[in-house]
Amino acid sequence: MARRGRPADTDRMAAVTPVPRRERSAGIDIARGLALLGIIVVNARFFFLPFGSAVDAGVLPAGLDRSPADWAAHDAIDTLATFKFMSLFSLLFGFGLAQQAARAAAAGRSRWHTGLRRLGMLLVIGVLHGLLVWDGDILTLYAVLGTAVLACIGLDDRWLRRLTVGLVALTVLMTVVGAAMQAAFSGMAEANAAEVATTAGDAPDGAARGPGAMLAAEFDISSPIWIDAEVAAYREGPWLDAFAFRAVGYAISLAFAPFGYGWQALTMMLLGVWVQRSGLFGADGSARRRRIAWRMLAAGLPITVAAVALRWFAGREAVVTQVVGTSGIGIGALLLPLGYACLAVEFGPRLPAPLRAPIQAAGAIGLTVYLCESLACTALASWWGLAWFATMTDAAFTLLVVGVWAGLAVAALAWTRLVGNGPMERLWRWGTYG
């Protein structure tokens, strides 16, 4: 019975709480911990290279060149990780929203109350992360797409399946369109680069910095003017120059999301809702998990391998490589993440404890670890840290970020055993549940 002066349903609201630690799924935390490894490996090129170089492998700052080992690392990452682990993260995000909605329904509460508070807090964290730490933030997009996922959770199973299938078709279309746009933009940028460089070379100051360089480069991120100024901003400062490049990169990432990863993220989130409803990650889903895992790998790996192999046979600059190859990598990322998730949930808890425990701990405090990945890599790259920005290529920074992830996983294990929940998880839960 409700106490005097309080709404009748306030007591039921108290039942909508986070999942207790003892009820967390080890397999899901392991899947999230492995997703964080894949994410930092893919993001390494954005942490340690200029934006234009990270987007277009053919564009590098002066003084850098790729060895065969660098190309091997670059292509292996595109085959196994690019879009795949962020899609896995998206699937788990949708799974978590569906879990929260189910707990709210069980407590007799609307999913919108805690759901919107949760997403609103995530939006604040994402904007601060994107503007102050690293422009590749994904949390902002997740917060926006999460509102659509909350709406779709109200659909019955039949309509949810139809919508997800329709989004898969739309995602494939937008992936191809995005790849074609990227190829066209790359060709235009190449044609204009020499003209822009010549025009800027006539400037009396010789080398533009910060926003002035952006204007001189006509906002072409692959222009040598832009790249030189971006390298100087991150490696030498000052803070305002670095902030300008970070803010513009953040805006570009959000603006292009509707033509690329945005649809894929939404599709994978809805797939996560289906996974939660179907009980695929539950105790009774073992046989289904193994069957789905092998099918997804059998379908997704040949597509991504063929997409990357085009670079070696047709040439990296060929239009067919840029359109068909990039599309194949994106389409493979619609299949492989579900296979990765099923393998992690099925076999992750069976790993030896010294290997399993740090991965599981990293996944349990995934928001904190994700943000710490950005802080650690930014410190290694920026002038206020070790200033390693644009000083290494793929093989070197891939090994470096694997070490960063491993260190954070060990730190997460120590933190969760000594303190409990992660600091950002505490903040997020406070914003969600009060």
Side-chain angles (χ1 to χ4, degrees), residues 35-57 59-61 63-66 69-71 73-78 80-86 89 125-126 128-141 221-222 226-237 239 241-254 256 261 362 366-409 411:
L36 289 166
L37 170 60
I39 287 169
I40 195 173
V41 166
V42 173
N43 288 345
R45 63 186 66 163
F46 292 89
F47 283 122
F48 293 99
L49 290 175
F51 198 177
S53 302
V55 172
D56 185 347
V59 177
L60 280 177
L64 284 184
D65 197 10
R66 283 189 172 91
D70 291 317
W71 283 119
H74 184 278
D75 289 348
I77 290 168
D78 278 356
L80 299 174
T82 298
F83 293 133
K84 285 80 173 176
F85 284 96
M86 192 62 76
F89 213 55
I125 296 171
L128 293 175
H129 177 228
L131 291 177
L132 301 180
V133 182
W134 182 56
D135 55 21
D137 169 75
I138 197 65
L139 303 179
T140 307
L141 182 63
I221 61 173
S222 62
W226 181 294
I227 288 175
D228 290 346
E230 187 177 354
V231 170
Y234 285 128
R235 196 191 295 172
E236 303 169 11
W239 184 86
D241 281 1
F243 175 78
F245 279 101
R246 187 164 52 247
V248 171
Y250 178 53
I252 291 174
S253 298
L254 292 177
F256 277 88
Y261 183 70
L367 178 59
T368 295
V369 172
Y370 171 75
L371 295 173
C372 285
E373 287 180 348
S374 295
L375 285 170
C377 290
T378 302
L380 293 172
S382 297
W383 86 96
W384 51 267
L386 297 182
W388 285 349
F389 189 79
T391 62
M392 64 184 83
T393 43
D394 301 76
F397 58 59
T398 298
L399 290 175
L400 179 63
V401 298
V402 169
V404 169
W405 172 85
L408 289 173

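Note that the coordinates shown come from a computational prediction; the quantities given were computed from them, not determined experimentally.
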Do L139 and L367 pass the side chain to side chain contact (heavy atoms under 4.5 Å, CB included) test, and can you show the C-alpha distance, the side-chain angles, and the key distance before you say yes or no?
CA-CA 9 Å; L139 303 179; L367 178 59; 3.7 Å; yes

Tell me, with the steps shown, if L49 and L64 meet side chain to side chain contact (heavy atoms under 4.5 Å, CB included).
CA-CA 10 Å; L49 290 175; L64 284 184; 3.9 Å; yes

Steps toward side chain to side chain contact (heavy atoms under 4.5 Å, CB included) verdict (T391, F48):
CA-CA 8 Å; T391 62; F48 293 99; over 6 Å; no

Side chain to side chain contact (heavy atoms under 4.5 Å, CB included) between T378 and W384, intermediate numbers included
CA-CA 9 Å; T378 302; W384 51 267; 3.7 Å; yes

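Considering all non-hydrogen atoms of both residues, A57 and H74 come closest at CB-NE2, 3.6 Å. Across every non-hydrogen atom of A362 and V369, the tightest pair is O-CG2, 3.7 Å. S53 and I227 make their closest contact through OG-CD1, 4.2 Å (heavy atoms, listed as atom of the first residue, atom of the second, distance). Residues V133 and S374 share a closest heavy-atom pair of CG1-CB, 3.8 Å. Closest of all the heavy-atom pairs between F85 and L80 is CE1-O, 3.6 Å. The two atoms that bring F245 and A233 nearest to each other are CD1-CB, 3.7 Å, heavy atoms only.
Between L375 and W134 the shortest side-chain heavy-atom distance does not fall below 4.5 Å. The shortest side-chain heavy-atom distance between I221 and P50 does not fall under the 4.5 Å cut-off.
W239 and F243 have parallel rings, their planes meeting at less than 30° on a 0 to 90° scale where 60° marks the start of perpendicular.
A distance of 9.0 Å separates CH2 of W383 from CG of D241, quoted to the nearest 0.5 Å. Distance check: F51 CZ to F46 CZ gives 6.0 Å after rounding to the nearest 0.5 Å. For the atom pair CD of E373 and CD1 of I40, the computed distance is 4.0 Å after rounding to the nearest 0.5 Å. Taking OG of S382 as the reference point, atom CD of E236 lies at 12.5 Å (rounded to 0.5 Å). Put simply, CD1 on I125 and CG on L371 are 7.0 Å apart, with the number rounded to the nearest 0.5 Å. For the atom pair CD (E230) and CZ (R235), the distance works out to 11.5 Å, reported to the nearest 0.5 Å.
Taking Y234 as the reference, F389 meet the ring-ring contact (aromatic ring centres under 6.0 Å, His included) condition, with sequence neighbours excluded. In this structure W388 satisfies the ring-ring contact (aromatic ring centres under 6.0 Å, His included) test with no other residue, sequence neighbours excluded.
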Show the atom names and distances, to 0.1 Å, of all donor-acceptor pairs under 3.5 Å that link a side chain in residues 392-407 to residues at least two apart or in another chain.
| from | atom 1 | to | atom 2 | distance (Å) |
| --- | --- | --- | --- | --- |
| T393 | OG1 | D70 | OD1 | 3.2 |
| T393 | OG1 | D70 | OD2 | 2.8 |
| D394 | OD1 | R66 | NE | 2.5 |
| D394 | OD1 | R66 | NH2 | 3.4 |
| T398 | OG1 | D394 | O | 2.6 |
| W405 | NE1 | G33 | O | 3.3 |

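At a threshold of 4.0 Å, the pair R45-D78 counts as salt-bridged, since one of the basic side-chain nitrogens sits closer than that to a carboxylate oxygen.
Of the residues L128, L131, L254, the one that meets the side-chain contact (heavy atoms from CB on, under 4.5 Å) test with T140 is L254.
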